[in-house]
Protein chains: 2
Amino acid sequence: MTTDVDGDTTELSRPARRQAEIAAYVVKHGSVSANDLVEAFGVSVMTVHRDLDELERQGVVRKYRGGVSAQPTSVFESNVAYRLNTAHAEKAAIARHARAMIEPGMSVMLDDSTSALALVDLFEDIAPLTVATNFLPAITKLAQLRDVTLLALGGIYSATHDSFGGMPCAEAVEALHADLLFCSVSAVSSTHAFHQEEEIVLVKRAMLRSARTKVLLVDHAKLQRTALHRLAPLTDFDLVIVDEKTPKDLIEPLRDHGATVEVAKL
Amino acid sequence: MTTDVDGDTTELSRPARRQAEIAAYVVKHGSVSANDLVEAFGVSVMTVHRDLDELERQGVVRKYRGGVSAQPTSVFESNVAYRLNTAHAEKAAIARHARAMIEPGMSVMLDDSTSALALVDLFEDIAPLTVATNFLPAITKLAQLRDVTLLALGGIYSATHDSFGGMPCAEAVEALHADLLFCSVSAVSSTHAFHQEEEIVLVKRAMLRSARTKVLLVDHAKLQRTALHRLAPLTDFDLVIVDEKTPKDLIEPLRDHGATVEVAKL
DNA sequence: ATAACATAACACCAGAAGACGATAAGAACG
DNA sequence: CGTTCTTATCGTCTTCTGGTGTTATGTTAT
């Protein structure tokens, strides 16, 4: 089983968690039948199909008669549900650390990352604030807050990321200039930040151009990894925040290459 | 769908309805104290304050120590909650009528109107479809649908309308060109469509420029009224859809002035 | 200082929505 | 033409969130 958990209670609803597990299962096995999943997860055929429909909607799997097959793992990795599963406490800690950088009245830009989402929960107290983001869950939350001027970055909706992207989004970003940018990526080497998807890279790059101070949020699971597209050198960021679980010998190399790194306490 | 008979059984949650009523009450009385409202509505002080907070967030009232005062009525009239109260069945009927114009594969633009929202509920069956809108409730719904390419029109969030607007939004609209536009307004005379708010007019005008076929959705409550800003002559629309409750002698003048009008059957 | 008002923090309740499986109808495959 | 897989529909169950009042604490005015 792929139940490698690093001690965090999933804050995910049961079906969402199961779907993430099914996704992992499918990715691992390449392709499986519905009945396999019935056995493996102990739910009815109907439920399996419903889960698979949802996963297909998110672009994680492809259904055909008799079973499902996995899509390129890049899709799986950038799947929201999957990401939400990961490193909860760490992200909260990073968010708390990042919060200190934000002064009332500032304009803040957020990308479509769960790390950024954790930050949103802290905004209520820092208000007034102007926040720009292309991440639908963040938009929904921010719309509820008083004293937060919300600037939604529109674009083409991606069910995989639950966010907006593409050219329309990049253009919307380019029309702005924020005091602060908080963003995250899927992989970080000792010199660069990486992401699998070109479209996302496009938007993130635009964001980097449209902010004065750029902050990269990195939980330890992302270090020492790479992905297809090189987003930017770490020195492009004014600050890189990592969580406390990050091994020290992984932090040093970043600093050696010129990055400014701070460690968020849990 | 909603098989409610005559009039309007509010499909609004109890608090939302009460808030709308409180808003009306405040508008009527100019300014009142929290305790007045406690008596008038038979709920606790706490609840009154919560309602008032929400109304203030929407910009409908202004709180001060000891009570609240009304804001300009234009705000009240364009308040979403208030609008949702109105002419439910009619809007559904209009939506059903409008639906016939949509072919699979088309690109459709929707404005931030409750009439347009009624239309969204019918999209699932017409898919595939490309839909562009600046209305948050519509965006939320559309994001759930498969086979709908959602293009969110970003911009500055307005709690009053629960939608995005301003210059960023107008620019996003201008970058597009949709096959169909469905929009609504707050008032319709025999020659023109009107709206109270300049910002909204700005976006709607942009939408009119960015669509091939333009359809105006009008429930009977809006006819023979005007508002501050003249949006456009009715002849700018390829079609005006009204509901069945519209008196015939109100429809004729529209046609006399050159508008194409169809009546939606309930 | 004290009264009037506003907010915060809890706990309760109800109604709604979600999740699920069973069964039956439908569609693709051989 | 039957078998296998998929989808639709319904009813049940559970879970959860929204809405509420009560009490306690904070704040502002006089």
Side-chain angles (χ1 to χ4, degrees), chain A residues 9-23 26 31-58 61-69 81 84 121-122 124-125 127 137 140-141 143-147, chain B residues 1-2 4 9-23 26 31-58 61-69 80-81 84 121 124-125 127 137 140-141 143-147 162:
Chain A
T9 42
T10 67
E11 289 202 8
L12 229 45
S13 71
R14 195 146 70 97
R17 189 168 359 115
R18 185 185 53 239
Q19 281 163 24
E21 284 166 16
I22 288 180
V26 174
S31 83
V32 295
S33 77
N35 282 330
D36 291 348
L37 294 168
V38 169
E39 272 189 45
F41 291 90
V43 291
S44 74
V45 188
M46 198 59 239
T47 299
V48 165
H49 277 290
R50 274 189 278 245
D51 286 349
L52 293 177
D53 286 345
E54 174 59 21
L55 289 173
E56 184 175 48
R57 196 185 67 86
Q58 294 173 8
V61 304
R62 228 189 68 241
K63 282 187 83 171
Y64 53 84
R65 186 178 174 78
V68 291
S69 65
L84 281 173
D121 292 328
L122 308 175
E124 192 153 24
D125 311 319
T140 309
K141 280 192 180 186
Q144 307 300 322
L145 300 187
R146 298 152 166 287
D147 301 322
Chain B
M1 279 278 201
T2 50
D4 49 15
T9 34
T10 62
E11 288 205 7
L12 229 44
S13 69
R14 194 145 71 96
R17 189 166 359 115
R18 185 186 54 240
Q19 281 164 23
E21 284 166 15
I22 288 180
V26 174
S31 83
V32 294
S33 77
N35 282 330
D36 292 348
L37 294 168
V38 169
E39 271 189 43
F41 291 90
V43 292
S44 74
V45 177
M46 197 60 238
T47 299
V48 166
H49 277 291
R50 275 189 278 243
D51 286 348
L52 293 177
D53 285 345
E54 174 58 21
L55 289 172
E56 183 174 49
R57 196 185 67 86
Q58 295 173 8
V61 303
R62 228 189 67 241
K63 282 186 84 172
Y64 53 85
R65 186 177 173 80
V68 291
S69 65
V80 183
L84 281 173
D121 292 328
E124 193 153 23
D125 310 320
T140 309
K141 280 192 179 187
Q144 307 300 323
L145 301 186
R146 293 155 169 287
D147 301 323
D162 207 2

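Protein chains get the first letters and strands the later ones, always in sequence-line order, with residue 1 at the start of each.
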Selection from D/dT4, C/dC5, C/dG21 that lies nearest to any side-chain heavy atom of A/V43: C/dG21
Is the distance from OP1 or OP2 of D/dG21 to the nearest side-chain N or O of B/T47 less than 4.0 Å? yes
Length of the line joining B/D36:CG and C/dA6:P, which is rounded to integer Å: 11 Å
For A/P15 and B/G66, find the nucleotide of DNA chain C closest to each by heavy atoms; which residue's nucleotide sits nearer the 5' end? B/G66
Looking at C/dG21, does its base get a donor-acceptor pair with the side chain of A/R50 below 3.5 Å? yes
Rounded to whole Å, how long is the line connecting atom CG of B/D53 with atom P of C/dT7? 6 Å
Report the distance from atom OG1 of A/T47 to atom CZ of A/F41, rounding to the nearest 0.5 Å. 12.5 Å
If I take atom CG from residue A/L37 and atom CG from residue A/L52, how far apart are they, to the nearest 0.5 angstrom? 6.0 Å
A/N35 CG - D/dT6 C1' separation (whole Å): 11 Å
For atom CG of B/D51 and atom P of C/dT7, their distance in whole Å: 13 Å
Using a cut-off of 4.0 Å on non-hydrogen atoms, how would the nucleic acid contact of B/V45 be classed: base, sugar-phosphate, or nothing? nothing
Heavy atoms from C-beta onward define the side chain here; which of D/dG21, C/dC20, D/dC5 lies closest to that of B/S44? D/dG21
Verify the contact: side-chain N or O of A/K63 to OP1 or OP2 of D/dT7, cut-off strictly under 4.0 Å; return yes or no. yes
Whole angstroms only, please: what is the CZ-P distance between A/R17 and D/dT15? 13 Å
Measure from NE2 on A/H49 to P on D/dA8 and round the result to the nearest Å. 12 Å
I need the A/R17 CZ to A/Q19 CD distance, nearest 0.5 Å. 11.5 Å
Would you kindly give the OH-to-P distance between B/Y64 and C/dT7, to the nearest whole Å? 14 Å
Atom CE of B/M46 to atom P of D/dT25: distance rounded to whole Å? 16 Å
Nearest nucleotide by nearest heavy atom, which residue falls closer to the 5' end of DNA chain C, A/R65 or A/V48? A/V48
If you measure from the Lys or Arg side-chain nitrogens to the Asp or Glu carboxylate oxygens, is any gap between B/E54 and B/R57 under 4.0 Å? yes
Side-chain N or O of A/R18 less than 4.0 angstrom from OP1 or OP2 on C/dC20? yes
Over all atoms of both residues, closest heavy-atom pair of B/H49 and B/A34: NE2-CB, 3.9 Å
Selected nucleotide, minimal atom distance to A/R14 side chain, candidates C/dC20, C/dA6, D/dT22: C/dC20
